[in-house]
Amino acid sequence: MATDFPGDYQMACADTPASAAGQRSVGGIDFDQIHDRQQFGSVKWANQWDEFSPRVEGRDLLSLWTADMDFRAPETVIARLREAADHGIYGYTRRDARHYEIVQSWFTRRHNWSPALGTLLPAPAIMPSVAAILRTFTKPGDGVIVQSPVYSPYFEVIQGNGRVLLTNRLTLQDNRYELDLEDFEKLAASGAKVFLLCNPHNPAGKAWTLQELTALNDICERHGVLVISDDIHCDIRLSDRPHIVFSSISDDAAEKSFICTAPTKTFNLAGVPSATISVANKKRRDKLLAAMQATFMVNANFFGRLALEVAYDTGAPWLDQLTGYIAGNLDLVCEFADQYLPGITPMRPDASFLVWLDARELDRRVGGVQKFLVDNAGVNLYDGRVYGPGGEGFIRLNVGCPRALLRRGLERMSKALASL
């Protein structure tokens, strides 16, 4: 296989220094600029999640794994946080009525979902919210359904809180995931108390259709299963499929659901988190709020609250331009893989900045494709095995980065494959 790359693929070859990266901008926002993130303790570029997880080792690693982006947040958010930092008094802060109006307005404009203001609860982040809901509405030993391969912290939040993990494995058809409703119903009928829905799905980036969500809701309704929906990746839209919020499909869906939202993936704010939970059922909403108050989860983070408000209030133009840039990165991945990455097939996502790569045959051939790429290409991707049954032989690629870095990673991968 040839290892010289025509046209644009030569712009940032494996040996091209970062200073030579193309500096095209999109609508005045320079998503091509490369930033040094290591000086501020970036998990992504340290290649280590925390002090308890093993560090991924390798020379000059390109980090294209965990789900934050290498782009600056909207300038309006940066300016407001800088103003707050310069103020110098970081006391207790609160979410007022305007805060919830901003959240409501965002989802009305972007996703045709207008949750009543009274249904919205404050939360520190998505996963602490999921944990609080599980602890409040289930007891140790209760079953919780997830659809694998899926975001790995779901396994931790379920099992770490003493609940029983029930895995409804998605079926792969023509490089797309489909529901196994027969198996889902068996799990629901077995005594499951909660279904933890990833909408859009991570790592596949699939936007669930109205028909699919309705089928899941009907089963949950028959068996009294509550639904926690994690909608954190809903905003970066890469196909014509809309994002459908689970609680919007029917009154009974709204009554049984907890919709967890946050701007952190959308605007690259994971380090200044703030989230919102919509709970239509008043009795459950009051019970959850009381439980969160008892564990001191409702006090607003000084910077996180501001970041959420400014991002949702002013960040739409930035997001639209980011989405165009991510779409260009996705096109690059699909075109490059077709020509230069034998044994790797991207699954085109409907949403998010994450691309699920099918490398099952290659994985068997090299004895682990993620490790092979670290050792032989200097590229760190997420190993699909961490996403549970069905993830074996897949890898997850983060395309939320300057295109020059993405090209460099793809070309390193191609050269490593050419050596086989």
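Position 1 is the first residue of the sequence, and the numbers go up from there. Any value given below was found using the heavy atoms of this structure, including those in side chains, with hydrogens, waters and symmetry copies removed.
- Considering only residues two or more places apart in sequence or on other chains, Ala351 meets the side-chain contact (heavy atoms from CB on, under 4.5 Å) condition with Pro200, Arg237.
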Can I get a per-line list of side-chain donor-acceptor pairs under 3.5 Å for residues 77-85, giving both atom names and the distance, sequence neighbours left out?
| from | atom 1 | to | atom 2 | distance (Å) |
| --- | --- | --- | --- | --- |
| Arg80 | NH1 | Glu83 | OE1 | 2.7 |

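- Relative to the ring axis of Tyr325, Arg403 places its NZ or CZ within 45° and under 6.0 Å from the centre.
- Taking Glu57 as the reference, Arg55 meet the salt bridge (Lys or Arg N to Asp or Glu O under 4.0 Å) condition, with sequence neighbours excluded.
- Counting only residues at least two apart or on different chains, the side-chain hydrogen bond (donor to acceptor under 3.5 Å, both in side chains) pairs with a member in residues 284-294 are Lys282-Asp286.
- Ring planes of Phe258 and Phe137: tilted class, angle from 30 to 60°.
- Under the salt bridge (Lys or Arg N to Asp or Glu O under 4.0 Å) criterion, Lys265 pairs with no residue at all, not counting sequence neighbours.
- Using a 4.5 Å cut-off on side-chain heavy atoms (C-beta onward), Leu410 and Tyr340 make no contact.
- Ion pair Arg98/Asp313 flagged as a salt bridge, since at least one NZ, NE, NH1 or NH2 atom sits closer than 4.0 Å to an Asp/Glu carboxylate oxygen.
- Ion pairing between a basic and an acidic side chain is recognised when a charged N comes within 4.0 Å of a carboxylate O; Asp142 and Lys139 show such pairing.
- Every pair passing side-chain hydrogen bond (donor to acceptor under 3.5 Å, both in side chains) that includes a residue from residues 224-235 is listed here, sequence neighbours excluded: Trp106-Asp235, His111-Asp235, Tyr154-Asp230, Ser229-Asp231, Asp231-His243, Asp235-Thr266.
- Inspection of the Ser63 and Asn47 side chains reveals an N or O donor paired with an N or O acceptor under 3.5 Å.
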